[in-house]
Amino acid sequence: MHLYLSPHADDAALSCGAQIAMFTRRHDSVLIWTLMGGFPDPATRDFPLARHFREVWNIENDVTALRRREDVAATATLGAGFRHGDWVEAIYRGDADGQPLYTELPAINGDIHPDDPLLKLVDDDAAVDALFAPFGLDEHDTIHVPLGVGAHVDHLLVRRMALRLGNRHPHLRMVFYEEYPYVVYNPRNVAFAVSTFGAVLRPAPTPQVDENAITQKIRAIACYSSQLKMIWPTGLPGMAVRTWQYMQKLGEVDWELV
Ligand SMILES: [Zn+2]
């Protein structure tokens, strides 16, 4: 099985959609696990960044329900299964006093806040083992982990959790995927992610993708309609053109530990 750790609804499709399409075409089992798929507490829905993104995404009410529906449609387009985790996104996370931890945009692409409640969880061996136990993973499976390009704190937390799992279960195969569109925002983002990873990485083999798989990826990304205009000002047409160009020039790149 290929288990894709997707911090948010859309990360796996954006970053790995074409390779997932290739895997499912040859009947490999693929499961996309959207970890930050949890419903926020009502008290946190008006945290500053939660309000900001609700306006950017132009969603009036239940953001999480909508993003889950988009995710279900996208994973079906790729022929993959899905699982929605119950962690909430950084924009909804608060400290012990209920104050938001991440209040300004730059804060969510940087260091994990020391009071982040997820930090304790991802640093806890028993908690991490329990999270992965339902999948019954063995050495024939591959876990696909966000590399941390763009340094979104949610991506860094998921990577940190995966590395803890990998340290204790070295037989598990793990690859680290470059995150699109962060990878095209600034070419130095990848070098930064690799150089600050904390271990030596080398490029990992990825499946050769064909034009049908790229088309399938674009159709999957199109399911995330609430997100398109935030990333591409013209929305759907911009996404299709830019994603095609990205796949021709750079393409999906994985890394692995040396
Ligand atoms: Zn993300």
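Please read these numbers as outputs of a predicted model, since none were measured by experiment. Just so you know, these numbers use all the heavy atoms, side chains as well, and skip hydrogens, waters and symmetry mates.
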Using residues 7-23 as the side-chain source, report each donor-acceptor pair under 3.5 Å to any protein atom, sequence neighbours left out, with the distance given to one decimal.
from	atom 1	to	atom 2	distance (Å)
H8	ND1	D11	OD2	3.1
H8	NE2	D154	OD2	2.7
D11	OD1	H155	NE2	3.4
D11	OD2	H8	N	2.9
D11	OD2	H155	NE2	3.1
S15	OG	D11	O	2.9
S15	OG	Y180	N	3.2
Q19	OE1	Y4	OH	2.8
Q19	NE2	E252	OE1	3.4

Side chains of residues 75-82: which donor-acceptor partners sit under 3.5 Å, not counting sequence neighbours?
from	atom 1	to	atom 2	distance (Å)
T75	OG1	D71	O	2.9
T75	OG1	V72	O	3.1
T77	OG1	A73	O	2.8

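Residues passing the side chain to side chain donor-acceptor pair (under 3.5 Å) test with E211: none are found, sequence neighbours excluded. In this structure D123 satisfies the salt bridge (Lys or Arg N to Asp or Glu O under 4.0 Å) test together with R160, sequence neighbours excluded. Residues forming a side chain to side chain donor-acceptor pair (under 3.5 Å) with Y102 (at least two apart in sequence, or on another chain): D116. Under the salt bridge (Lys or Arg N to Asp or Glu O under 4.0 Å) criterion, R159 pairs with no residue, sequence neighbours left out. Take W57 and apply the side chain to side chain donor-acceptor pair (under 3.5 Å) test, not counting sequence neighbours, and it matches Q227. Under the rule for a salt bridge (Lys or Arg N to Asp or Glu O under 4.0 Å), R188 has no partner lying at least two apart in sequence or in another chain. Considering only residues two or more places apart in sequence or on other chains, D41 meets the side chain to side chain donor-acceptor pair (under 3.5 Å) condition with none of them.
Proximity of P203 to D254: side-chain heavy atoms (C-beta onward) are nowhere separated by under 4.5 Å. Between W87 and R93, every side-chain heavy-atom pair lies at or beyond the 4.5 Å cut-off. For the pair Y92 and L101, the minimum side-chain heavy-atom distance is 4.5 Å or more.
Within 6.0 Å of the CD atom in Q248, the count of heavy atoms belonging to other residues, nucleotides or ligands exceeds 12.
What you find for L172 and L165 is that their closest heavy atoms are CD1-CD2, 3.7 Å. The two residues I32 and S6 come nearest to each other via the heavy atoms CG2-CB, 4.0 Å. Summarising the geometry of L121 relative to V128, their closest heavy-atom pair is O-CG2, 3.7 Å, with the distance given to 0.1 Å. Nearest approach of A126 to D124, heavy atoms of both residues: N-OD1, 2.9 Å. Pairing each heavy atom of M36 with each of V88, the nearest pair is CG-O, 3.7 Å. Shortest non-hydrogen contact noted between I59 and S226 is CD1-CB, 3.9 Å.
Cluster annotation: Y177 and I231 are assigned to distinct hydrophobic clusters (Ile/Leu/Val/Met/Phe/Trp/Tyr, side-chain heavy-atom contacts under 4.5 Å, transitive). V175 and M161 fall into different hydrophobic clusters, where Ile, Leu, Val, Met, Phe, Trp and Tyr residues are linked whenever their side-chain heavy atoms come under 4.5 Å apart, directly or through other members.
A donor-acceptor contact shorter than 3.5 Å links the side chain of R45 to the backbone of P40. Between the R68 side chain and the G37 main chain, a donor and an acceptor come within less than 3.5 Å of each other. Judged by distance alone, the side chain of D141 and the main-chain N or O of M1 form a donor-acceptor pair under 3.5 Å.
Ring planes of F132 and W33: perpendicular class, angle over 60° (limits at 30 and 60°).
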> Passes side chain to side chain contact (heavy atoms under 4.5 Å, CB included), V200 versus L257? Steps please.
Replying inline: CA-CA 6 Å; V200 182; L257 294 167; over 6 Å; no

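Residue pairs meeting the salt bridge (charged side-chain N to carboxylate O under 4.0 Å, His left out) criterion with at least one partner in residues 79-91, sequence neighbours excluded, are R67-E89. Applying the ring pair (Phe, Tyr, Trp, His ring centres under 6.0 Å) test to pairs two or more places apart or on separate chains, those with a residue in residues 186-220 are F176-F197. For residues 161-181, the pairs satisfying salt bridge (charged side-chain N to carboxylate O under 4.0 Å, His left out) are D125-R164, D125-R168, D129-R168, R173-E256, with sequence neighbours left out.
Checked for salt-bridge contact, D210 and R25 meet the test: a charged N lies under 4.0 Å from a carboxylate O.
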